[in-house]
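The next block holds one structure in the form of structure tokens; read it before the comments.
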Amino acid sequence: MTDATAPITQDVLTIPRKLPEGGQMNLVGLTREQLRDALIAAGTPEKQAKMRVGQIWQWIYHWGVRDFAEMTNLAKDYRTLLAEKFVIEIPEIVTRQVSMDGTRKYLLRIAGGHEVEVVYIPEENRGTLCISSQVGCTLTCSFCHTGTQKLVRNLTAAEIVGQVMVARDDLNEWPVPGAPKDETRLVSNVVLMGMGEPLYNFDNVRDAMKVVMDGEGISLSRRRITLSTSGIVPEIAKTAEEIGCLLAISFHATTDEVRDRLVPVNKKWNIETLLNALRDYPRLSNSERITFEYVMLKGVNDSDADAKRLVKLIRGIPAKINLIPFNEWPGAPYERSDWERIEAFADIIYKAGYASPIRTPRGEDIMAACGQLKSATERARKSRAEIQAETGL
Ligand code: SAH
Ligand code: SF4
């Protein structure tokens, strides 16, 4: 089992945004304000900047264009200038696996040869893209495969938005000019439930979600984005105010003693502190309900007493409880609760007035289910300087 007493660290490399001097700057992941500044720095007259931002934004995020030459409503000289100064770059697909149930798992390569996984889960009336916020995770939840990966780096905003763009490419979802508008969306929902703790990479996650939510581009409403956190309390109010998306909490236990073992960050912000922070979330974010994620571990957190305690703890918080049957991974120190146990647990919660869906594991055959993600080519931990040198940024 992972050492639950290990210190909780947040020593993660964040890659600075590439500046245009010399090299070319990637426009993907810039907020509108940042894009404006970049265009002005490249010589766009200030008076035209707003209009140019709008045009380029549409090309990149509405039409999915990657080549400045295709931006036909811009003057030829201006397109040439843009191509000199900028690129439109997204992560590269290394492998794509398709599960028997239609789930797709992409392994993506990002700067420095690092890898992240992204999972697309098609359902009857929606398609959910599960994206990553970090390579690995600094936290060491003892039931999570990602938590065993040593190498960690924050993803840039470009790499986070890029995951959505990669999926739209692969699913052929960019609109075709002149074709009738297709309202059915393949990627209709985004969940930040892949690798990493999104609230330990707050600024990049926020900027990326602003791009994804922008109505003139990918245009996913904030209610179709769910951010899952292990409970980084100081960032929760900021999430409500600056992103406003739906929130999911990896709760997983009903006593501090058990949660300390399962989600070690609980030692820093315990159950009571976390719940207090959550009480304000629906009001601050204007959203209705918080999702409590609860992984079902045989004999650890799955008793009737746990279910009853859970209901008591969350009283007063508009909530739904998502029960996640534990997904096994090689060397995992836990077992999945029996099906009858999960149903009995769900029943107690349901009778107390909360929705208590049991999450059907998806893509298990390709190790794409919750908590199974981990970069395939994990290497020994490197120094910050080594990682920085490799990224070439
Ligand atoms: N770091 C964030 C988001 C990524 S984890 C967080 O912890 O919330 C996404 C969800 O998968 C979390 O609820 C996590 O607790 C759960 N999870 C992790 N490992 C799992 C496993 N082996 N089986 C089932 N769910 C797991
Ligand atoms: Fe990190 Fe979330 Fe896994 Fe915990 S469950 S180790 S916070 S990715």
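We count ligands from 1, going down the list as the structure has it; atoms in each ligand are counted the same way.
- Taking each of G194, C141, S228 in turn, the one with a heavy atom nearest to atom 4 (C) of ligand 1 proves to be G194.
- Distance screen at 4.0 Å: atom 4 (Fe) of ligand 2 has a protein heavy-atom neighbour inside the cut-off.
- Of all atoms in ligand 1, numbered sequentially from 1 with element shown, those under 4.0 Å from a heavy atom of E197 are 1 (N), 2 (C).
- A salt bridge does not link E33 to K210: none of the charged nitrogens lies less than 4.0 Å from a carboxylate oxygen.
- Proximity to S250 (heavy-atom distance under 4.0 Å) selects the following atoms of ligand 1: 6 (C), 7 (O), 8 (O), 12 (C), 13 (O), 14 (C), 15 (O).
- In the model, N327 has a side-chain atom that pairs as donor or acceptor with a side-chain atom of R336 under 3.5 Å.
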Does D347 form a salt bridge (Lys or Arg N to Asp or Glu O under 4.0 Å) with K351? I'd like the steps, not just the answer. CA-CA 6 Å; D347 202 45; K351 289 206 170 106; 2.7 Å; yes

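- Not a single heavy atom of M195 sits under 4.0 Å from any atom of ligand 1.
- Applying the 4.0 Å criterion to heavy atoms of C144 picks out, from ligand 1, the atoms 18 (C), 19 (N).
- Residue V295 touches ligand 1 through its side chain alone, judged by heavy-atom distances below 4.0 Å.
- Classified by interplanar angle (parallel below 30°, tilted 30° to 60°, perpendicular above 60°), the ring pair F326/Y334 is perpendicular.
- At least one N or O atom of N327, backbone or side chain, sits closer than 3.5 Å to an N or O atom of ligand 1.
- Close approach to I324 involves these atoms of ligand 1, each under 4.0 Å from a residue heavy atom: 24 (C), 25 (N).
- Residue T229 has at least one heavy-atom neighbour below 4.0 Å for each of these atoms of ligand 1: 6 (C), 8 (O).
- Defined by atom type and a distance below 3.5 Å, a donor-acceptor pair is missing between the side-chain atoms of T80 and D77.
- Near C137, the atoms of ligand 2 lying under 4.0 angstrom from a non-hydrogen atom of the residue are 1 (Fe), 6 (S), 7 (S), 8 (S).
- Proximity of the aromatic rings of F345 and Y294 is defined here by a centroid distance below 6.0 angstrom, and this criterion is met.
- Shown in contact with L139 at under 4.0 Å from a heavy atom are these atoms of ligand 2, numbered in order with element: 6 (S), 7 (S).
- The distance from atom 4 (Fe) of ligand 2 to the nearest N/O/S atom of C144 is not under 2.8 Å.
- With a heavy-atom cut-off of 4.0 Å, C141 touches ligand 2 through backbone and side chain alike.
- Numbered from 1 in the order shown, with element, the atoms of ligand 2 that lie under 4.0 Å from a heavy atom of S230 read 7 (S).
- Closest heavy-atom approach to atom 18 (C) of ligand 1 within the set F143, Y334, F326, F251: this belongs to F143.
- At a cut-off of 3.5 Å, with distance as the only test, a side-chain donor of D306 or T254 sits close to an acceptor on the other residue.
- No more than 12 heavy atoms of other residues, nucleotides or ligands sit less than 6.0 Å from atom CZ of R224.
- For atom 1 (N) of ligand 1, the candidate residues are P198, G196, G231, A248; the nearest heavy-atom contact is made by G196.
- Within the model, atoms OH of Y61 and CD1 of I88 stand 8.5 Å from one another, a figure rounded to the nearest 0.5 Å.
- Each of the atoms 22 (N) of ligand 1 lies under 4.0 Å from some heavy atom of W329.
- Donor-acceptor pairing under 3.5 Å is lacking for the side chains of E235 and T229.
- Counting the atoms of ligand 1 from 1 in the order shown, those under 4.0 Å from a heavy atom of H252 are 13 (O), 14 (C), 15 (O).
- Within the 3.5 Å criterion, the main-chain N or O of V135 finds no donor-acceptor partner in the side chain of R153.
- Partner of H252 under the side chain to side chain contact (heavy atoms under 4.5 Å, CB included) criterion, out of V295, V258, N266: V295 alone.
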